[in-house]
Amino acid sequence: MPRLFAGIGDAMPIGRYKVAILADIATVKPLRALIILAALCAFAPCEFAAARVIPLPRPRPPEISPIPSAQDATPEEAPPSACRLRLTAELAVAPSLPALAGPGECVVDDVVRLEAVRLADKTQVAVTPPAIVRCSFAEAIVHWVRDDVVPAVRSLEGALKSIDNYAAYDCRGRNRIIGARLSEHGKANALDIRSFKLANGTVVELTDATVAKDFRERLRKDTCARFSTVLGPGSDGYHENHVHVDLAERVGGHRMCQWEVREPGDEAAQVPLPRPRPASAKP
Ligand SMILES: [Zn+2]
């Protein structure tokens, strides 16, 4: 045992010395590099190079505050709205979302992501893609699908599988015109629908003149009775391939129902000549 210790003892000073020399060399090189770097930094920004030499985390700038996650925000904090309590899991798959914070006027509370409407027979009608809308509007869509659309589609001898969400929440002016009055889409109070998909795979375009006219007329009548604004073909030129529905509130409860249910020949006839404005349409 003592022999062994002596052996190690003899070697130790040399070992320590070597380590010390190596350490000196190791510190001198980066030091020299730092001096050169400091000189260079006087002339040009060198944040990247400095970060490589000194691998220390940069301090967080004081103005950056942590971004709250979806879990930190409402809806858990606020008591559920009356609408939220009515829009049960029996009626829809529509989880609550945090309030929409804008920009500008596009601030909306009590928002849901309407993923599917549940029917009385427990089957679901998907909303594809899910629509971000205010709860009261989601509720209107749910009852429209259950009470109007599903029975109307049954008249086509089909079962409704999904409705096509062409646009829902979107902070913009009417008809995407910059500077126009805020669209109901900006209030999460509107939906554009292009088509319905049936269980057998058939896609029923709402503005397709070859789709059974009875079906489209029935749907138009029911839709206009439920929503305060319905715009389709023949309304303003912006709704030739889809139908817009919203729950805009107007003075005196004025409603707007502008959806021309066309016959197959109508579209061909209108190509060479401008169609006369229908008497029912408002200027
Ligand atoms: Zn629209």
Side-chain angles (χ1 to χ4, degrees), residues 92 94 97 100 102-117 125-145 148-149 152 160 162-197 203-209 211 216 219-251 253-262 267 277-278 280-283:
L97 296 183
L100 302 168
E105 296 174 89
C106 303
V107 176
V108 190
D109 287 328
D110 203 9
V111 183
V112 302
R113 185 174 60 239
L114 182 59
E115 296 172 7
V117 178
V125 175
V127 178
T128 51
I132 296 184
V133 287
R134 62 176 62 209
C135 181
S136 52
F137 185 77
E139 199 179 14
I141 290 288
V142 166
H143 292 298
W144 175 65
V145 168
D148 298 342
V149 182
L160 186 62
S162 65
I163 67 171
D164 165 51
N165 161 19
Y166 192 39
Y169 175 68
D170 188 2
C171 188
R172 58 172 163 87
R174 288 186 186 174
N175 296 327
R176 301 186 184 276
I177 297 166
I178 295 161
R181 257 184 72 188
L182 183 67
S183 160
E184 290 298 310
H185 286 282
K187 302 173 189 172
N189 200 29
L191 186 65
D192 291 345
I193 307 123
R194 225 168 11 180
S195 61
F196 300 142
K197 195 169 186 182
V203 174
V204 179
E205 299 254 352
L206 271 61
T207 58
D208 180 355
V211 169
R216 288 178 293 131
L219 192 68
R220 175 191 184 277
K221 182 173 147 287
D222 289 346
T223 307
C224 286
R226 194 173 290 276
F227 295 95
S228 56
T229 312
V230 179
L231 301 173
S235 59
D236 57 7
Y238 291 98
H239 299 85
E240 296 301 302
N241 69 346
H242 68 276
V243 173
H244 164 107
V245 299
D246 72 43
L247 284 176
E249 287 177 21
R250 297 191 187 86
V251 178
H254 175 69
R255 304 173 79 89
M256 202 181 275
C257 174
Q258 298 178 2
W259 173 3
E260 199 177 289
V261 175
R262 290 176 177 153
E267 281 166 299
R277 180 179 282 276
S280 62
K282 293 210 163 283

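We're numbering straight along the sequence, starting at 1. Atoms within a ligand are numbered from 1 in the order they appear, just like the ligands themselves.
With a 4.5 Å cut-off on side-chain heavy atoms, Cys224 and Arg255 do not count as touching.
For residue Asp246, no N/O/S atom approaches the Zn ion (ligand 1) to within less than 2.8 Å.
The backbone N or O of Thr207 lies less than 3.5 Å from no partner atom in the side chain of Arg262, so there is not a single donor-acceptor pair. Side-chain atoms of Arg220 come within 3.5 Å of backbone atoms of Trp259 as a donor-acceptor pair (strictly under, hydrogens ignored).
The closest side-chain donor-acceptor pair between Asp192 and His185 falls under 3.5 angstrom.
Shortest distance from the Zn ion (ligand 1) to Asp192 is reached at OD1 (N/O/S atoms only).
Around the Zn ion (ligand 1), the two atoms NE2 of His185 and ND1 of His244 are separated by an angle of 100°, to 10 degrees.
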